[in-house]
Protein chains: 2
Amino acid sequence: MNSSTDGDADPAEAPSARPRGSVMRDVARLAGVSHQTVSRVLNEHPNVRPETRARVLEAMRALNYRRNLAARTLVTRRSRTLGIIGFETTLFGPASMLYGIEAAARQAGYFVSVATVPNLDRRSVLDAVDRLTQQSVEGIIAIAPKPTVTTALLQVPAGLASVGVGGGATDDDAVPTVRIDNGAGARLATQHLLDLGHPTVHHVAGPIDWPEAYERIEGWRRTLYDAGAVVPPVAPGAWTARSGYEQGMVLARDPSVTAIFCGNDQIALGVLRALHEAGRRVPEQVSVVGFDDTPDAEYFLPPLTTVRQDFAELGRRSLRVLLDQIDRQGRGRSPDHVVLAPELVVRASTAMPGRARRRRGRPSGGARPGGPGGRG
Amino acid sequence: MNSSTDGDADPAEAPSARPRGSVMRDVARLAGVSHQTVSRVLNEHPNVRPETRARVLEAMRALNYRRNLAARTLVTRRSRTLGIIGFETTLFGPASMLYGIEAAARQAGYFVSVATVPNLDRRSVLDAVDRLTQQSVEGIIAIAPKPTVTTALLQVPAGLASVGVGGGATDDDAVPTVRIDNGAGARLATQHLLDLGHPTVHHVAGPIDWPEAYERIEGWRRTLYDAGAVVPPVAPGAWTARSGYEQGMVLARDPSVTAIFCGNDQIALGVLRALHEAGRRVPEQVSVVGFDDTPDAEYFLPPLTTVRQDFAELGRRSLRVLLDQIDRQGRGRSPDHVVLAPELVVRASTAMPGRARRRRGRPSGGARPGGPGGRG
DNA sequence: GATCTTGATGTTACCGCTCACACCATACCG
DNA sequence: CGGTATGGTGTGAGCGGTAACATCAAGATC
């Protein structure tokens, strides 16, 4: 606090060193033991006298000691850190997966470092992998809808565990994946509409170069085909409400359209608005089904029938797969490919064709008792 | 694959060493220089002969060398890593801030480590701070709507930079903050409705213990007061569509309600549904305004008039504040408090009271030319 | 009672990097 | 031509931990 004449400061005073907290040696000195004993206490080594342990713990508390992870990582070669490569993490799905992964990682005693990519081209992904590698992460989870990402994961330095989560099936299965069965989800939606009596089902798809979108298209097409129904053309678009709105405008003009399966809930939102503006009532004249079951879907007008995927569970499962891989350290067993089953959530946006559901102007969503289109 | 008799394994074989990549010494040897010269090349030190530099770079490429960040951190005491404490990161707002921060950090050459908290009590937050400290982060950004968080930031080890982003004003201003002016946002919304001719404006608020919710309530109340309008009671709820729906049901029964300002867009979604089910038309009979401008708001039925806050910009600004703080290393200047102005986005959910807007059944959102309720 | 175990602790050598400094050529200077 | 600056490079120490080994007292074993 005395000489504040910096610039020409006495070099003996260690001029601009970051204030460093106490280290193991400080704790050791205060507790009257060697630093190694402190280390043993920290790592819960059994051979420490309870009395000594108590003394060390007390010293750690007194000095507010935090172990230095960098030093530990350096010598053990284990950073206890996982890397996540994220894309479009502002959307509900990716954000939920991210959250699920982080929460599970924390519980497992791992730290999480995030690298988002501005787009999914090879370079960006490799760049993200590189940044994570520098941080000596022990494994990488890629929120990875496109194959560029999973194949890029093959590039990771040998011995580094990795898993792709939430995309489609991969061509080569060298990289483990965790995802939902998009085809089955599409089938649930489509069959639901067919069962209601719709002669066929139209589809407003996501971007066709995303395996998720492609698989949903295929599941839908296949279901129609199996049922002997006409397969209308698909015009793939984006995952956005805007895209749904635009395509919905076209479908709304065609009076033969009575059922629309949408690639996700946002598309469905756009479709709903297009139908509304065209004066076509949902579900009386047209039924609509979404995909994802975002929290908002239950409050759309009308509450959206949709296919739920459990993003948080995807995150948790992907972490488990990754940790398994880390434990095995590369040897043994072929890569896991976990496929979770999606679930149809029926709400008020679907009905038999050409039939009102007697709900016009009535409070509280129609036939379903017990509150506002509840989830269970 | 031979001796699977573990437990008695031959210790001479270096059993479980992680495959380590090449290190500086390897590069040095291959390039025929000392490790220090390699370090100089890596850190772009000027005093290296171009020819030597080239040789080193070539060696690095040949060996696929990656510098070990843990070692570097250990000696420099700079991890080039920032910590983010996130809460409810599955929601659009927090997720966007997270994204904005990460993108900006990457550009600034920083890594990002995320610690989400299950709830906002003091313990959880301190725990998150602790985990980040262990990773020797150089600064912490808390996506921190509640004061518990910002005050917990005061607990961070001395010399560690921190900033709270996206919450309300803080009581003590010791911790820098970046946020929007919630009061001004509420005023924009309320005044807009008053200007349209509504005698007063009702408010469906968020949880009152969140400063954001509180400040919006105050802004709304103050605006009504200044205009000499009646100030109806507020019943604070959650930030969810469900909460909006429940409170919307109550308001829908009251024929004197002609204008509703909602704490956020999700609440507005619920209110819209409640009004619809009660047979009250929006905006003909009741006007509704939201807050946030989520991407979906434009496609609500009707497209939602709302107050936009630029979450990504909040993220970027908070990063800048944090980096400034790091550069200053604690000395000088009182903490920054950046307050951004929100912006009213008028769409189709607001109109003069008791007057239709001549848009029933017409295609494409009413009076506004040029597409579906465009953002501009 | 000498030897062997075993528990509790200390000593030492690194992990991979950067920093401070030493060193050696040249180049420049009076 | 001796002395000083300066560019290019090497050497050694040490950041804060952990692993392996050394040490040493006390109890178990014969």
Side-chain angles (χ1 to χ4, degrees), chain A residues 11-56 59-60 63-81 133-136, chain B residues 11-12 14-29 31-56 59-60 63-80 133-136 157:
Chain A
E13 196 68 50
S16 77
R18 240 149 236 285
R20 66 172 178 284
S22 47
V23 301
M24 220 173 233
R25 198 158 31 102
D26 303 328
V27 176
R29 200 178 312 144
L30 182 58
V33 296
S34 76
H35 63 124
Q36 176 62 342
T37 298
V38 177
S39 172
R40 277 192 267 259
V41 169
L42 224 45
N43 296 312
E44 284 165 14
H45 188 98
N47 291 356
V48 178
R49 199 149 34 106
E51 179 187 316
T52 312
R53 175 193 310 279
R55 212 153 15 105
V56 169
M60 297 205 305
L63 295 172
N64 193 29
Y65 170 77
R66 301 278 106 109
R67 85 160 24 115
N68 182 320
L69 215 80
R72 185 181 213 221
T73 298
L74 183 57
V75 60
T76 60
R77 290 184 166 62
R78 300 210 50 179
S79 61
R80 301 213 65 91
T81 299
T133 323
Q134 272 185 59
Q135 298 181 78
S136 8
Chain B
S16 74
R18 241 146 235 284
R20 66 170 177 284
S22 47
V23 301
M24 221 174 232
R25 196 159 32 102
D26 303 328
V27 176
R29 200 179 311 145
V33 297
S34 77
H35 64 119
Q36 176 61 352
T37 298
V38 177
S39 172
R40 276 192 267 259
V41 170
L42 223 45
N43 296 313
E44 284 164 16
H45 190 98
N47 290 359
V48 178
R49 200 150 31 107
E51 180 187 315
T52 312
R53 177 194 307 279
R55 210 150 20 99
V56 169
M60 296 205 305
L63 295 172
N64 192 30
Y65 170 78
R66 301 278 105 107
R67 111 200 311 152
N68 182 320
L69 215 80
R72 183 179 215 226
T73 298
L74 183 57
V75 59
T76 60
R77 289 184 168 65
R78 299 211 50 180
S79 61
R80 301 212 68 89
T133 324
Q134 273 186 57
Q135 298 179 77
S136 13

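Predicted, not measured: the structure shown is a model, and the values here were computed from it.
Of the side-chain N and O atoms in Asn43(B), one or more sit less than 4.0 angstrom from OP1 or OP2 of dT18(C). Distances shorter than 4.0 Å separate none of the side-chain N or O atoms of Ser39(B) from OP1 or OP2 on dC17(C). Taking 4.0 angstrom as the limit, Arg78(A) places none of its side-chain polar atoms (N or O) nearer than this to OP1 or OP2 of dT18(D). Applying the 4.0 Å criterion to OP1 and OP2 of dG16(C), one finds that Arg77(A) has a side-chain N or O inside that range. At least one side-chain nitrogen or oxygen of Arg67(B) sits closer than 4.0 Å to the OP1 or OP2 atom of dT18(C).
To the nearest 0.5 Å, atom CZ of residue Arg72(A) and atom OG of residue Ser39(A) are 8.0 Å apart.
Per the geometry, CD belonging to Gln134(B) stands 14 Å off C1' belonging to dG16(D), to the nearest Å. Spacing between atom CG of Leu74(B) and atom P of dC17(C) amounts to 12 Å, rounded to whole angstrom units. We find that CD of Glu44(B) is positioned 16 Å from C1' of dT18(C), with the value rounded to whole Å. Summarising the geometry, the separation between CE on Met24(B) and C1' on dC17(C) is reported as 6 Å, rounded to the nearest angstrom. The interatomic distance linking Arg72(B) (CZ) with dC19(C) (C1') rounds to 13 Å, in whole Å. Taking atom CZ of residue Arg25(A) and atom P of nucleotide dT12(C), one finds them 15 Å apart after rounding to whole Å. For the pair Asp26(B) CG and dC15(C) P, the interatomic distance rounds to 11 Å; values are reported in whole Å.
Here the closest heavy-atom approach between residue Met24(B) and residue Val38(B) is recorded as CG-CG1, 3.5 Å. Across all non-hydrogen atoms, the minimal contact from Gly21(B) to Asp26(B) is O-OD2, 4.5 Å. The two atoms that bring Arg53(A) and Val48(A) nearest to each other are N-CG1, 3.9 Å, heavy atoms only.
Side-chain contact between Asn43(A) and Arg67(A): present, with at least one pair of heavy atoms (C-beta onward) separated by less than 4.5 Å.
Between the side chain of Ser136(B) and the backbone N or O of Ser79(B) there is no donor-acceptor pair closer than 3.5 Å. When atom types are taken as modelled, the side chain of Arg55(B) and the backbone of Ala31(B) share a donor-acceptor pair closer than 3.5 angstrom.
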Under 4.0 Å protein heavy-atom contact, by nucleotide of nucleotides 6-13 of chain D - B base, S sugar-phosphate only: --SBBBB-

